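What follows is one structure encoded as structure tokens, with my remarks underneath.
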Amino acid sequence: MFVANRLVGKNGKVCGIDLTDQMVEKSNKNFTEAGIKNFEIKKVDSENIPYEDRTFDLVISNGVINLSPHKNKLFEEIYRVLKPGGHLQFADVVLNKELPPHLSGSMEAWSQ
């Protein structure tokens with residue numbers, strides 16, 4: 001969000017969502033301490049993104065999509081909040097086949 005804030009400048013706004021109160025509080029504290037004012041962070045507890053349709057030019061996910069058990073719903077929500085012509089950028093674990101049983105749930109699987 002810090003990098004996104006630099007890109008949108010003072011006239012833009014950066015919005016974030018997180019699953020825990022602790023991360024929302026930490027993010028709010030870090031942004032405030034950095035003197036950044038054009039941000040907003042909300043707590044969510046599902047795949048429902050708490051923003052209006054066509055709100056964002058860009059949605060970024062860093063390792064979160066793979067945590068959702070309802071990926072289709074999450075992608076529907078992401079595309080709902082994107083403006084026409086908007087972009088999704090994500091860094092996640094993507095499998096094109098089943099993991100071998102010895103890797104399922106292991107730290108080794110996350111590093112490959």
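Bear in mind the structure is a predicted one, so any value in this text is a computation, not a measurement.
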Does either side chain, that of K73 or that of N48, offer a donor lying less than 3.5 Å from an acceptor on the other one?
yes
Side chain to side chain, L88 and L58, heavy atoms closer than 4.5 Å:
no
Can you hop from F90 to Y79 via hydrophobic side chains spaced under 4.5 Å?
yes
If hydrophobic clusters are built by linking Ile, Leu, Val, Met, Phe, Trp and Tyr wherever their side-chain heavy atoms come under 4.5 Å apart, do L19 and I78 end up in the same one?
yes
Specify the closest pair of heavy atoms between [X] and [Y], including all atoms of both residues, with the distance to one decimal.
X	Y	answer
G85	H87	O-NE2, 3.5 Å
S61	D92	OG-OD2, 3.7 Å
E47	S68	OE2-OG, 2.6 Å

Check salt bridge (Lys or Arg N to Asp or Glu O under 4.0 Å) between K83 and all other residues, then give those that pass, not counting sequence neighbours.
D57
Those residues that, when tested against K29, pass salt bridge (Lys or Arg N to Asp or Glu O under 4.0 Å) (two or more places apart):
E33
Taking [Y]'s backbone N and O only, do any of them form a donor-acceptor pair with [X]'s side chain (distance below 3.5 Å, no angle check)?
X	Y	result
S27	M23	yes
R80	F75	no
E77	I49	yes
K42	P50	yes
D18	K43	no

I17 and Y51: side chain to side chain contact (heavy atoms under 4.5 Å, CB included), yes or no, with the steps?
CA-CA 10 Å; I17 57 177; Y51 289 95; 4.1 Å; yes
Other than V14, which residues form its hydrophobic cluster under the rule that side-chain heavy atoms must be closer than 4.5 Å?
M1, F2, V8, V24, F31, I36, F39, I41
Let me see the working for D53 and V81 under side chain to side chain contact (heavy atoms under 4.5 Å, CB included), right down to the final yes or no.
CA-CA 4 Å; D53 295 358; V81 299; 5.8 Å; no
